[in-house]
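So the structure is just underneath, and the comments pick up after that.
Note: hydrogens, waters and symmetry copies are ignored here, and every other heavy atom, side chains too, is used. Just follow the structure's listing: the first ligand is 1, and inside any ligand the first atom is 1.
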Amino acid sequence: MRIICFKSEQKMEQLAALTDSGEVYLLPYKSFLDLMKEAETKKQGCLSLVQQSIIDSLPIEEKLEELQLILPIRPEEVWASGVTYLKSKVARNLESKATTHESIYDKVYEAERPELFMKSTFHRTIGPDTPVYIRTDSNWQIPEPELGLVLSRNGDIIGYTIGNDMSSRDIEGENPLYLPQAKIWKNSCSIGPSIRLAETVDDPYNFEITCRIYRNNEKLFEDSANTSQLKRKYDEIVTYLCRDNEVFDGTVLLTGTCIVPSEDFTLADGDVIEIEISGIGILRNPVQVQNPVKLEGVYR
Ligand code: DO4
Ligand code: MG
């Protein structure tokens, strides 16, 4: 069972349940956060609340493809974990031209304490089919396709979603202290298109993740990986996020990238990024330069 949110004909936001057979049922909750709150008040899981809500109703006539899907949740904060896959560690060493025997990335990959950073706020976060922006002061930018955990304020995993941790590799590679600038800017984080309720996931360490990038309608890049390759457990990173911290209902925690395009690749205005995760859907976003500044040599 997945939860989606779409724009109704009256331009209102409508929460809905998407069954595994593809039927869409309207839900009597304003938002995913309302559903979470109701589940807590009634001491029930989100799944049983959703099942009770739809049991006597009919699915809507529109097909999923006809709906204008939007961000399925309004997270106050999006956090992210880094260097959780070998692929990411190798990529970070490459972009930072690490020469020491043991780089900071080698250390954090092995350390007990994971790398966690604030990735985005609600206002910087976009949903499906809305443009992700690329920075005007970077020549090396990529999407980072990641599984996202939707958390309660107690750190319970309520659902799984897809996230794009847009990243600037040259800014991050120049100096690790530039990480916030390499990660956070307007429209640098995309989430959606659905939230799969955790109660309906048999094995969260077996999500297949695929990323495709199109330029001029041609597929320029495709690669896949699986959450079975994750170096850490979800509980581990959630525990560190919650330690001495205030976590809000609906916080999304991205779990790190396992797919990295080759060194010579950088995103360009007009590209389209697709991130597919089995059982969750496809998060598709066009790429756009926000207010393009025509500085010589800035774009490749
Ligand atoms: O260390 C920098 C960030 C790494 C990251 O975002 C990832 O591994 O996904
Ligand atoms: Mg990342």
Tell me if the centroids of the rings in Tyr234 and Tyr205 come within less than 6.0 Å of each other. yes
Tell me which one of Ile195, Ile3, Leu35 satisfies side chain to side chain contact (heavy atoms under 4.5 Å, CB included) with Cys46. Leu35
Test the Lys231-Tyr85 pair against the cation-pi criterion, namely NZ or CZ under 6.0 angstrom from the six-membered ring centroid and within 45° of the ring axis. no
Short N-O contact, Asp249 and Lys37, less than 4.0 angstrom: no
Contacting atoms of ligand 1, where contact means under 4.0 angstrom from a heavy atom of Tyr105: 1 (O)
Under 4.0 Å from a heavy atom of Gly256: give me the atoms of ligand 1 that qualify, with their elements. 9 (O)
Which atoms of ligand 1 are found less than 4.0 Å from any heavy atom of Ser88? 7 (C), 8 (O)
Can you find a non-hydrogen atom of Leu254 under 4.0 Å from ligand 1? no
Closest to the Mg ion (ligand 2), among the N/O/S atoms of Glu144, is atom OE1
For Leu179, which part has a heavy atom under 4.0 Å from ligand 1: side chain, backbone, both, or neither? side chain
Testing Ser194, Pro193, Cys5 for side chain to side chain contact (heavy atoms under 4.5 Å, CB included) with Leu69, which one passes? Pro193
Report the nearest protein non-hydrogen atom to atom 2 (C) of ligand 1: residue, atom name, distance rounded to 0.1 Å. Glu172 OE2, 2.9 Å
Looking at Asp165, the N, O or S atom sitting nearest the Mg ion (ligand 2) is OD2
For Arg169, the option from Glu95, Glu263, Glu144 that meets salt bridge (charged side-chain N to carboxylate O under 4.0 Å, His left out): Glu95
For ligand 1, which atoms have a heavy atom of Asp165 less than 4.0 angstrom away? 6 (O)
Out of all atoms in ligand 1, which are within 4.0 Å of some heavy atom of Phe117? Include the element for each. 3 (C), 6 (O)
Would you mind checking if Arg212 and Glu276 are paired as a salt bridge, meaning a charged N to carboxylate O distance below 4.0 Å? yes
Step-by-step salt bridge (charged side-chain N to carboxylate O under 4.0 Å, His left out) determination, Asp235 to Lys233: CA-CA 5 Å; Asp235 278 357; Lys233 294 287 172 232; over 6 Å; no
Contacting atoms of ligand 1, where contact means under 4.0 angstrom from a heavy atom of Arg92: 1 (O), 2 (C), 4 (C), 5 (C), 7 (C), 8 (O)
Could Glu115 and Arg232 be called an ion pair, given the rule that one side-chain N must be under 4.0 Å from one carboxylate O? no
Which atoms of ligand 1 sit under 4.0 Å from any heavy atom of Glu144? 5 (C), 6 (O), 7 (C), 9 (O)
What N, O or S atom of Glu146 is found closest to the Mg ion (ligand 2)? OE2
Judged by non-hydrogen atoms, does Lys89 sit under 4.0 Å from ligand 1? no
Is there a donor-acceptor pair closer than 3.5 Å between any side-chain N or O of Ser53 and the backbone N or O of Leu27? no
Taking 4.0 angstrom as the limit and counting only heavy atoms of Glu115, give me the atoms of ligand 1 inside it, by number and element. 1 (O), 2 (C), 3 (C)
Protein heavy-atom partner closest to atom 6 (O) of ligand 1 - residue, atom, separation in Å: Lys183 NZ, 2.8 Å
I want to know if ligand 1 touches Val83 in the polar sense, i.e. an N/O pair below 3.5 angstrom. yes
Does Lys119 make a cation-pi contact with Trp185 (under 6.0 Å, within 45 degrees of the axis)? yes
